[in-house]
Amino acid sequence: MTDTFTKRTPHLARRHAREIRFQWLGKIAISIAVGFLLIMVGTISWMGAGALKQTQISLQVYLDPQEIDTSAVEKADYGAMVKTALRATFPEVKKRRDTRKLYKLLSSQAAFGLQRQIKENPDLIGQTKSVWFIASDDVDMFFKANITVDTNGNAGKLDEKQVQWLATLDKSGAVRSRFNTGFFLSGDSREPELAGILSAFAGTTLTLFVCFLLSFPIGILAAVYLEEFIPENRWSDLIEVNINNLAAVPSIVFGLLGLAVFLNAFDLPRSSPLVGGMVLALMTLPTIIIASRSALRSVPPSIREAALGIGATRTQMVFHHVAPLAMSGMLTGTIIGMARALGETAPLLMIGMVAFIVDTPTSILQPATALPVQIFLWADSPERGFLEKTSAAIIVLIAFLIAMNLIAIILRNKYRQRF
Amino acid sequence: MYKKTLIAGLLLSSTILAAGSNVAFAREQIRIVGSSTVFPFATTVAERFGKTTEFKTPIVESTGSGGGLKLFCSGDGENDPDITNASRRIKTSEVKKCAANGITDIVEVKIGYDGIVLANSKKAKALELTLKDVFLALAKNVPDGDGKTKANSYKTWSDVNPALPNVKIEVMGPPPTSGTRDAFVELAMEGGCKSFKWIKALKKKDKKAYKALCQTIREDGAFIEAGENDNLIVQKLNANPSAFGVFGFSFLDQNTDTIQGSKINGVEPDFDQISDGSYPVSRSLYFYVKKSRIGKTAGITEYLAEFANDKAWGPEGYLADKGLIPMSEKERKDWAAKVKGLQNLSM
């Protein structure tokens, strides 16, 4: 007895070593994956954090009652008022070329902010008031230290004089950094300091909503029929092969299909979330069908037999017993499909959703764009300020994805508890 | 539980669909497609136009010049674009295609110029190149000295021209699908290619051979296709000071703190030199408008007025801030008059 044990000990050690080795390999694999994830999320958050802050400059503005007609407050030339205020702050700046440089410190749309304030509070007319204006993107980048001053005193597009003016302003406390609410509450803009994510966010929400409404019921009904009802013959095999192939078709192909069918044949409005959702639904359907079928297959046959045994029809058997049990799997499949749809730009390109759209869509027929498209467009813009916006938009996209997954997990747990 | 969720879902969807059905299908918004080079300028004008007039902000799609003209010419309906941007002039074949689909009245608007630059990091020295140097450094086949060609074997800039530094040739540029690449090949490569007399003579004899020689970029790794994203090229230049990048002037303009443009034929790529035409690698930018849509789509004439205006396209206009190189005063006047009179395109 003892002999056999002592003989087997080296073998056992080898087996244990193999076990430990394997566990270590697993740990290394996981830590590499987690490491990459951390690097990715870390760099994106690091780069995107800047977009949450906005540089503002304060000026003393005289709200001249002769310039502002109280009956039509919005018609006044607020641009001129802002320019006058800037010149008053730097009275030594006289030359036309220099005043133009001075005006460039503020966002080109600064006047709209002033207009809004006066509209909300007309009593201010006639007073001299200190007003905070959004700084231009170059100034914003300068204060966020994304641009360094070179030996000639220039900083990127800002020249020596502008840098000096900014230093003066900064010293007098007329520069502040605030949370950038505009990023979440406004639509796209060509000015980095004004660009926001709202229009793309709304577009993505509407598009995915249409996609869900179409792909979930169709996908699940198709899966139930294919799995539980269809007689097995050559046709059912053909359908199965086709669905599996469709799941692997590159997404741009679905975009071309959408262009040919939904836009050209059905004449639906271009760039609308309706068409976008329909195209994405086509793309996600195979994924949902395949996942739902495997969820149905995993329901033990005893449940089906028991239902049929006590006299249920096949429809009753499926909808009362099998489908509810498979629901959590079907939901997972749907979410995986939708998550893929969330990140797609290629099919949207063909149906006109890769576009500059400022207005936030409120219905599925209005032109809209989507979050990944917004990221793509910003990443492609020459202005430096869009760099941090791109990363911030990626964070929003990831947050959207996490929210979607959370909903799926909650729903899944809920249905699991029923049985 | 099932039913409640279902009913809630249906209610939600019906409200959204109902909200949609209030919107009329008639077009109250201009639709613009076309070139990705003109895209930043068109969107800037569109945004201003939306903010300063009672019209809605136009939708601007970035489809590329060719793709834009294809969409533009495909029909005259409610769902077709009203305007297309192009980083080259419309071709006769495209005018014919338009006419075949009933679009005969097109207004052409030239908006300004775009320079293509060969830039490198400020950490390295700026280069002074000629078009001939550019051609010799980047062509697939180069002249071997006695009227024949050989495969390009130049490894460093000093191989091309002894006056240049002994630095490996490494140029990042856009892929063939890009309009910038087309323009670079046509203006820079072909320009340098033509400086050889016998090649110029070849153009008349054998146009195909001429094109193959002048317009083929080398594929041995000296020219790196870096994708359509010019920001990426700028970032790579910062990381690799010995490399050069090919991209539009607006990207140089926005990154003057880190990169510098090479002089070409002794001319620096800056605002004034591109504007007056002395910088050799520049092209004209256009957009095209369907006359038949004026009156059907709200705001087209007003959009044209916003664009063809010194406030926008002038040397001190807001498009200049975005990197558009303005036309000369006379040219601007001529084009503004054409736009005002809605003059038909003549090839």
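Quick note on labels: first sequence line is chain A, next is B, and so on, each numbered from 1.
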Taking all atoms of both residues into account, what is the closest heavy-atom pair of A/Ala355 and B/Glu61, and its distance?
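Answer, listing the atom of A/Ala355 first, then B/Glu61: CB-CG, 3.5 Å.
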Closest non-hydrogen atom pair, A/Val358 against B/Thr57:
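Residues A/Val358 and B/Thr57, closest heavy atoms: CG2-CG2, 3.6 Å.
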[atom1]/[X] to [atom2]/[Y] distance, rounded to the nearest 0.5 angstrom?
{"X": "B/Asp321", "Y": "A/Arg100", "atom1": "CG", "atom2": "CZ", "answer": "6.5 Å"}
{"X": "B/Lys56", "Y": "A/Gln366", "atom1": "NZ", "atom2": "CD", "answer": "5.0 Å"}
{"X": "A/Glu383", "Y": "B/Gln254", "atom1": "CD", "atom2": "CD", "answer": "4.5 Å"}

Please classify the contact between A/Asp359 and chain B as side chain, backbone, both or neither, with a heavy-atom cut-off of under 4.5 Å.
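For A/Asp359, the side chain is the part near chain B, not the backbone.
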Heavy-atom distance under 4.5 Å to chain B: side chain of A/Ser381, backbone, both or neither?
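Contact with chain B: backbone only.
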Among the listed options A/Ser272, A/Gly187, A/Pro367, the residue most often paired with chain B at heavy-atom distances under 4.5 Å
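Sorted descending by pairs with chain B, the first entry is A/Pro367.
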Among B/Ile32, B/Thr43, B/Thr44, find the residue that satisfies the side chain to side chain contact (heavy atoms under 4.5 Å, CB included) test when tested with A/Phe356.
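Filter result, single survivor: B/Thr43.
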Could you check whether any side-chain heavy atom of [X] comes within less than 4.5 Å of a side-chain heavy atom of [Y], counting everything from C-beta outward?
{"X": "B/Leu71", "Y": "A/Arg270", "answer": "yes"}
{"X": "B/Asn79", "Y": "A/Leu263", "answer": "no"}
{"X": "A/Leu387", "Y": "B/Gln235", "answer": "yes"}

